[in-house]
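Heads up: the structure comes next, in structure tokens.
Note that the coordinates shown come from a computational prediction; the quantities given were computed from them, not determined experimentally.
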Amino acid sequence: MYPEVFAEFTKFVRDYSDVGVLPTPAFFYGLKAGEEISVSIEAGKTLFIKLINLGTTDKDGRRTVTFELNGMPREVTVTDRSVQAKVKPAPKPTRLTRSKSQRQCPA
């Protein structure tokens with residue numbers, strides 16, 4: 001593998017872990033509402049994932065994803081990178097920009 005390709009690959013694995021267990025169409029195209037997949041995470045352990053609903057995006061560019069994991073309903077809020085947020089997010093404080101009230105207390 002070329003050094004640049006290897007660096008991209010290791011960053012992807014660090015960020016997302018091993019995605020090799022996902023079915024190829026689910027990885028590349030995502031799930032459609034009502035679609036269910038099974039993912040074998042190790043011998044004897046299989047996850048059943050069913051997409052129920054993709055909510056609409058809010059002003060911050062986030063949407064609620066409703067799905068079932070092994071038959072149990074769950075919801076997560078995710079940032080939708082395909083839309084532009086209407087509100088610019090506040091910058092995260094850094095060490096240089098933290099005020100005294102945001103600094104950690106000594107132990």
Side-chain angles (χ1 to χ4, degrees):
M1 218 181 268
Y2 295 106
E4 183 179 319
V5 174
F6 183 73
E8 289 177 19
F9 172 74
T10 55
K11 181 183 182 314
F12 182 87
V13 170
R14 183 179 57 240
D15 292 345
Y16 301 105
S17 190
D18 179 21
V19 296
V21 296
L22 292 175
T24 302
F27 176 78
F28 282 113
Y29 309 113
L31 299 177
K32 295 178 177 74
E35 187 177 1
E36 184 173 0
I37 60 171
S38 60
V39 178
S40 297
I41 55 174
E42 62 182 50
K45 290 188 180 179
T46 303
L47 301 176
F48 296 96
I49 305 164
K50 180 179 182 180
L51 178 63
I52 303 298
N53 183 38
L54 287 176
T56 58
T57 55
D58 61 9
K59 65 180 190 272
D60 298 324
R62 290 180 280 204
R63 71 172 64 226
T64 301
V65 178
T66 308
F67 63 99
E68 287 181 0
L69 180 62
N70 292 336
M72 300 296 293
R74 298 180 184 247
E75 284 188 356
V76 293
T77 303
V78 296
T79 301
D80 189 345
R81 296 184 198 147
S82 68
V83 297
Q84 184 72 22
K86 295 176 183 157
V87 177
K88 187 176 179 182
K92 293 182 180 181
T94 64
R95 282 187 179 205
L96 300 174
T97 62
R98 287 184 187 168
S99 67
K100 290 181 181 179
S101 62
Q102 294 173 322
R103 293 187 183 141
Q104 294 180 349
C105 296

Going only through I, L, V, M, F, W and Y residues with side-chain contacts under 4.5 Å, is there a path from V19 to F9?
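V19 does not cluster with F9.
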State plainly whether one hydrophobic cluster holds both Y2 and F12, where clusters connect Ile, Leu, Val, Met, Phe, Trp and Tyr through side-chain heavy atoms under 4.5 angstrom apart.
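In one cluster: no.
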So which heavy atom on S40 is nearest to which on T46, and how close?
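So the two residues come closest at OG-OG1, 3.6 Å.
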Which heavy-atom pair separates P23 from S38 by the least distance, and what is that distance?
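Looks like CG-O, 4.3 Å.
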Measuring from [X]:[atom1] to [Y]:[atom2], what's the distance to the nearest 0.5 Å?
X	Y	atom1	atom2	result
E68	L51	CD	CG	10.0 Å
L22	L47	CG	CG	10.0 Å
T64	D58	OG1	CG	7.5 Å
E36	I52	CD	CD1	8.5 Å
L54	F67	CG	CZ	11.5 Å
Y16	K11	OH	NZ	6.5 Å

Indicate every side-chain donor-acceptor pair of residues 69-82 with a distance under 3.5 Å to a residue at least two apart or in another chain.
unit_1	atom_1	unit_2	atom_2	d
N70	OD1	F48	N	2.8
D80	OD1	S82	N	3.0
D80	OD1	S82	OG	2.6
D80	OD2	R63	NE	2.8
D80	OD2	R63	NH2	2.7
D80	OD2	S82	OG	3.4

Salt-bridge contact E42-K45 (side-chain N to carboxylate O under 4.0 Å)
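Yes, this pair counts.
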